[in-house]
Amino acid sequence: MKDFIPFIIKRLGATAITLIAISMIIFGVCQLMPGDAVDMMLGGIALQSLGETTIDELRKELGLHLPVYQQYFNWAVGLLHGDLGTSYIMKAPIAPLVIDRLKTSLLLAFPASLMMIVFGLSLGILSAVKEKTWIDQGISFVSLSMLSVPAFLTGSLFIYIFSVKLNWIPAAFNALDMDGMGMFKILASYFGILLFPSLTLAFESIAYVNRQTRASMIEELKTNYVRTAVLKGVPPRDVVLHHALRNGLLPAITVIAFNIGQIIAGTVIIEVVFSYPGIGNLMIMALKFRDVPLIMATMIVISSAYVFANIAADILYTQLNPRIKYA
Amino acid sequence: MSKNDSTQSGFKETISGFLKNRLSKINFTANLIIGVVLLLGFVFIGIFAPYITPHDSEEMYYEHLKEMPSAEFLLGTDRYGRDILSRVMMGTRTTLLIASTSTLIALFLGIIFGATSAYFGGRTDNIMMRINDIFMSFPTLIFAMLVIGVLGPSMVNGIIAIGIIYAPRVTRVVRSQALNIVHMEYIDAAKVGGESSFYIIFREMLPNLWPTIIVEGSIRLGYAILLTAGLGYIGLGPPPPTPDWGLMAYSERTYMFETPWPVFAPCLAIVIAVIGVNLFGEGLKDILLAKGSRKKEAKV
């Protein structure tokens, strides 16, 4: 525990450097975009009729006359103050918009993470206990195929089965009409709406967590202390859940924390499949309209979330495993 | 040129060595056979697609809009009356080209950076790995979106983006394997013999890295196919009318209520391709890497 504080400080310092580097890469790549913001805002025709002086003034107003490093510095300082800039296409400050969309996306990522933990762990434990039976082989086959299937196929299948064929859920998020519905009905339809996107989002991660849990549990179940517990007459359920799981969980937890990052980044495709108004769809719209401040803002928000999830994985692992030395 | 040739022959020696030593011991598992068959099938379709498609993939049959599968159109037609089977076959070409070229780029960069980093070690290794970590802390899809979104969606930009984002991941794998080799006596002998670093890295170390690299390449290829499809689906693949599996699935999804074929046919092709590559990779792993040294399950 004594080494813990310096370890955390060191780790957070590394995170800060990573985030700075990421913001530099994002900013740098966006500089490669042909044409500058003024061209994009005005379009070619207006550019000719406005005359050079007006355009220069507009450039100055946006800070585009400054050297690149100065522009980056201004942008980065703005980021630290929670100012993500102004969108060209929406002519509005980006921060509230991005935060709003991020919340919508997290509404998807949170249940997805829960599903990953619950299904991933329980299926992994089940296949470890039933190792080499048809249950284990069935689960292994399903999780392997989960890894070979693109997320948009899973999503499209869900939509086709539950929306087109069975008509249980609306096909698109914005197709929901909430007027004149009771509280319970709204909740139920929200559940229905969120269930399949988040399940799709969790699919790949469930497979990874399941495989890791299975592998580490099989290893633990072969150890001497488990054998001792069995011979001592401890009920099998307690041996699995109390003795073996305690150690078998360690590697799984790292995989889980790492996959939370994957889930956050993975929302992009899921949001397109289900027409879900989250931050991923905002990013795609920004790319389509070449709205540089909006591109940079959405990218940095998603990347930071991913980085923080990975750091959490790192810290959790060293905290939970006393055998690991702080490095 | 001569350097390149020598690397090539080093590669060939390794391969023939493997064949001599292990051909008798290879158990041609079902995995490997199915994987090879599927992969060869896709490569064949990818190369000869324009000559073997039943219809022209661009031709619009206006009398046959959104048709169910029939004898004439084996997988039905899309909303413009185009034959889906032909488009899926042409899409094989696009996907294989993007996925395999970007994997090769990633392997190329990964070998250079990974082997160099491990060979020089110390501070050089440290700095290179920190830079590597920074690129690895980008989610793959987000980085690919950034590069393609800014440079504009096209086949070349897709290849560049996927190649760059997978390179640090290959680098890490190559480096960790190279670290096992770098302290071996024959490397020391080469150093004492006054060989150049370049020679040692590419003639002495590389031949022993090939098994790892080939297995890593097959794993990457599977991921690259999925990423290519995903990028196509969100509209960042090659622009239409190039037949692209992801884009086909996306642009037909609004008509899923009437005809699900156009959405699921390209998806099925993706799944079969990825399963083929993965089985092939598993099979290769069994042959090339000793069972005990299998790498831990790691995600992208």
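Lettering of chains follows the sequences in order, A, B, ..., and the numbering in each one begins at 1.
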Most heavy-atom pairs under 4.5 angstrom with chain B, which of I295(A), L144(A), N310(A), L157(A)?
->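 The option with the most such pairs is L157(A).
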Find the one option among G230(B), P139(B), G246(B) whose heavy-atom pairs under 4.5 Å with chain A are most numerous.
->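 Looking at each of G230(B), P139(B), G246(B) in turn, P139(B) comes out on top.
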With a 3.5 Å cut-off and no angle check, do the side chains of N210(A) and R214(A) form a donor-acceptor pair?
->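 Their side chains do not contain a donor-acceptor pair, so the 3.5 Å distance test is not met.
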Just by distance, with hydrogens left out, do Y72(A) and S23(A) show a side-chain donor and acceptor under 3.5 Å apart?
->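 Yes, side-chain donor-acceptor contact under 3.5 Å.
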Is the distance between the ring centroids of F162(A) and F196(A) under 6.0 Å?
-> yes
Part of A229(B) lying under 4.5 Å from any heavy atom of chain A | both
Residue L19(A) versus chain B: region with a heavy atom under 4.5 Å = neither
Verify, without hydrogens or angle tests, whether R172(B) (side chain) and P168(B) (backbone) share a donor-acceptor contact under 3.5 angstrom.
->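 No; zero donor-acceptor contacts below 3.5 Å.
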Between I142(B), L226(B), I134(B), I270(B), which residue shows the highest count of heavy-atom pairs closer than 4.5 Å to chain A?
->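 Looking at each option in turn, the highest pair count goes to I142(B).
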Between E271(A) and S105(A), do the side chains contain an N or O donor and an N or O acceptor separated by less than 3.5 Å?
-> yes
Taking G149(B), G222(B), P153(B), C267(B) one by one, which has the highest count of heavy-atom pairs under 4.5 Å against chain A?
->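 Sorted descending by pairs with chain A, the first entry is C267(B).
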Among A265(A), G280(A), S156(A), the residue with the most heavy-atom pairs under 4.5 Å to chain B is S156(A)
Heavy-atom distance under 4.5 Å to chain A: side chain of V271(B), backbone, both or neither?
->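 The answer is both parts of V271(B).
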Quick one: of L151(B), I234(B), V274(B), L146(B), who has the most non-hydrogen atom pairs under 4.5 Å with chain A?
->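 Greatest number of close heavy-atom pairs with chain A: L146(B).
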Approximate separation, where rounding is to 0.5 Å, of I263(A) CD1 and F203(A) CZ | 12.5 Å
For the side chain of D244(B) and the backbone of G237(B), is there at least one donor-acceptor N/O pair under 3.5 Å apart?
-> no
Y306(A) ring center near F138(B) ring center (under 6.0 Å) | no
Between V149(A), T18(A), I25(A), which residue shows the highest count of heavy-atom pairs closer than 4.5 Å to chain B?
-> I25(A)
Against chain A, label I225(B) side chain, backbone, both or neither, depending on which of its atoms sit under 4.5 Å from a heavy atom there.
->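 Neither; nothing under 4.5 Å.
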